[in-house]
Peer 1: 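Take a look at this one; I'll ask things after.
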Amino acid sequence: MILFNGIISGLLATILFDLYNYSLNFAYGIDKPKWNLLGRYFLGYKENKFIRKNLIEDEEIENELLWGYIFHYIIGLIYGIVFVILNFLLFDYPSIFLAYIFGFITVIGGWCFLMPFAYNLGFFASKSENRAKILAQNLIAHFVFGTGLFIGLYISF
């Protein structure tokens, strides 16, 4: 039951996360996450490439966008399962408070893993000229992710 709830929660949260980013792109022209680069980064593990100087300049890999989405959704499902386990350990009911706290905590993965090692932006986008904008967009997107975690657990509860 917990695994089912976690999968539903993580899947719905990741879908809402993507819909939010697509709506920002459609309405305001704000860049969507580059999941092809995520695919390129993780597919590079096969060649023992764990840290990249500039992932954008690396050679494209076949189906990297598809793999990027697969990895993105796997990560979302893992976060959903962990959230549901924590929720059932701490509460007898779906907690929106925990969902928002957990949603904000998940942004740390992007800031401390993907940005420095995959996108070469440094920890917390420290090498980017648009650091504040990137961090704010990430926080808001992960707020939406936390909302999706709660809704997914609530409907599967």
Side-chain angles (χ1 to χ4, degrees), residues 3 6-87 96 98-153:
L3 185 62
I7 289 171
I8 296 299
S9 183
L11 184 63
L12 183 65
T14 308
I15 290 170
L16 284 178
F17 181 90
D18 284 341
L19 289 175
Y20 170 74
N21 284 309
Y22 282 120
S23 68
L24 285 179
N25 180 260
F26 179 76
Y28 303 108
I30 294 173
D31 288 340
K32 299 178 292 191
K34 294 173 178 56
W35 300 125
N36 62 317
L37 296 180
L38 182 73
R40 188 180 304 173
Y41 176 71
F42 281 115
L43 290 173
Y45 280 11
K46 292 189 314 187
E47 300 169 9
N48 294 324
K49 293 181 181 177
F50 300 106
I51 298 175
R52 307 291 182 88
K53 285 187 177 181
N54 194 341
L55 193 63
I56 294 171
E57 293 177 3
D58 277 8
E59 189 175 309
E60 280 190 35
I61 299 173
E62 186 177 347
N63 297 321
E64 66 185 23
L65 179 61
L66 173 65
W67 280 105
Y69 271 102
I70 290 170
F71 291 126
H72 168 56
Y73 274 82
I74 288 171
I75 292 167
L77 293 176
I78 291 168
Y79 280 153
I81 292 167
V82 171
F83 164 72
V84 168
I85 290 170
L86 283 174
N87 195 95
I96 190 130
L98 180 63
Y100 287 140
I101 296 296
F102 192 78
F104 284 125
I105 289 171
T106 60
V107 80
I108 300 297
W111 288 348
C112 295
F113 180 73
L114 288 179
M115 284 187 187
F117 301 118
Y119 300 129
N120 195 28
L121 290 175
F123 287 95
F124 299 92
S126 61
K127 294 180 181 178
S128 175
E129 296 171 0
N130 300 324
R131 180 180 186 194
K133 179 180 172 185
I134 291 170
L135 297 179
Q137 287 175 344
N138 288 167
L139 275 174
I140 295 168
H142 282 261
F143 177 83
V144 171
F145 182 76
T147 304
L149 288 172
F150 172 75
I151 293 169
L153 178 56

Peer 1: Identify the two heavy atoms, one from G148 and one from L16, that lie closest to each other, and give their separation to 0.1 Å.
Peer 2: CA-CD1, 3.5 Å
Peer 1: So do the side chains of F145 and F83 get within less than 4.5 Å of each other, counting heavy atoms only?
Peer 2: no
Peer 1: Do Y73 and I15 have side chains that get closer than 4.5 Å, going by heavy atoms?
Peer 2: yes
Peer 1: For Y20 and F17, what are the C-alpha separation, side-chain angles and deciding distance, and is it a ring pair (Phe, Tyr, Trp, His ring centres under 6.0 Å)?
Peer 2: CA-CA 5 Å; Y20 170 74; F17 181 90; 7.7 Å; no
Peer 1: Looking at CD1 of I70 and CG of L43, how far apart are the two atoms once the value is rounded to the nearest 0.5 Å?
Peer 2: 9.0 Å
Peer 1: Drop me the distance from I134's CD1 to L139's CG, to the nearest 0.5 angstrom.
Peer 2: 12.5 Å
Peer 1: Can you name the nearest heavy-atom pair linking P116 to G110, along with the distance?
Peer 2: CD-O, 4.4 Å
Peer 1: List the steps and the verdict of side chain to side chain contact (heavy atoms under 4.5 Å, CB included) for I81 and I85.
Peer 2: CA-CA 6 Å; I81 292 167; I85 290 170; 3.9 Å; yes
Peer 1: Heavy atoms, side chains only, cut-off 4.5 Å: are D18 and H72 in contact?
Peer 2: yes
Peer 1: Report yes if some heavy atom in the side chain of F102 is under 4.5 Å from a heavy atom in the side chain of V82; otherwise report no.
Peer 2: yes
Peer 1: About how many Å separate CG of N120 and CE of M115, when rounded to the nearest 0.5 Å?
Peer 2: 12.5 Å
Peer 1: Is it the case that the side chain of S126 and the backbone of G122 share a donor-acceptor pair, with hydrogens and angles ignored and the cut-off at 3.5 Å?
Peer 2: no
Peer 1: Any sub-3.5 Å donor-acceptor pair from S128's side-chain atoms to A125's backbone N or O?
Peer 2: no
Peer 1: Rounded to the nearest 0.5 Å, what's the gap from CG on L153 to CG on L98? Could you check?
Peer 2: 9.5 Å
Peer 1: Tell me whether S9 contacts the main-chain N or O of G152 through its side chain, where contact means a donor paired with an acceptor under 3.5 Å.
Peer 2: no
Peer 1: Checking R40 side chain against I61 main chain: does a donor-acceptor pair fall under 3.5 Å?
Peer 2: no
Peer 1: With rounding to the nearest 0.5 angstrom, report the OG1 to CD1 distance, T106 to I101.
Peer 2: 11.5 Å
Peer 1: Report yes if some heavy atom in the side chain of Y119 is under 4.5 Å from a heavy atom in the side chain of Y41; otherwise report no.
Peer 2: no
Peer 1: Which is it for F124 and R131 under the side chain to side chain contact (heavy atoms under 4.5 Å, CB included) test, yes or no, and what are the steps along the way?
Peer 2: CA-CA 8 Å; F124 299 92; R131 180 180 186 194; 3.6 Å; yes
Peer 1: Heavy atoms, side chains only, cut-off 4.5 Å: are N48 and F50 in contact?
Peer 2: yes
Peer 1: I need the minimum non-hydrogen distance between Y79 and G109, along with the two atoms involved.
Peer 2: OH-CA, 4.1 Å
Peer 1: Which heavy atom of N138 sits nearest to which heavy atom of W111, and what is that distance?
Peer 2: OD1-NE1, 3.0 Å
Peer 1: Please tabulate, for side-chain N and O atoms in residues 25-38, each donor-acceptor pair with protein atoms closer than 3.5 Å (sequence neighbours left out).
Peer 2:
unit_1	atom_1	unit_2	atom_2	d
N25	ND2	I30	O	2.9
N36	ND2	E64	OE2	3.4

Peer 1: Can you measure from CZ (F71) to CG (L66) and round to the nearest 0.5 angstrom?
Peer 2: 9.5 Å
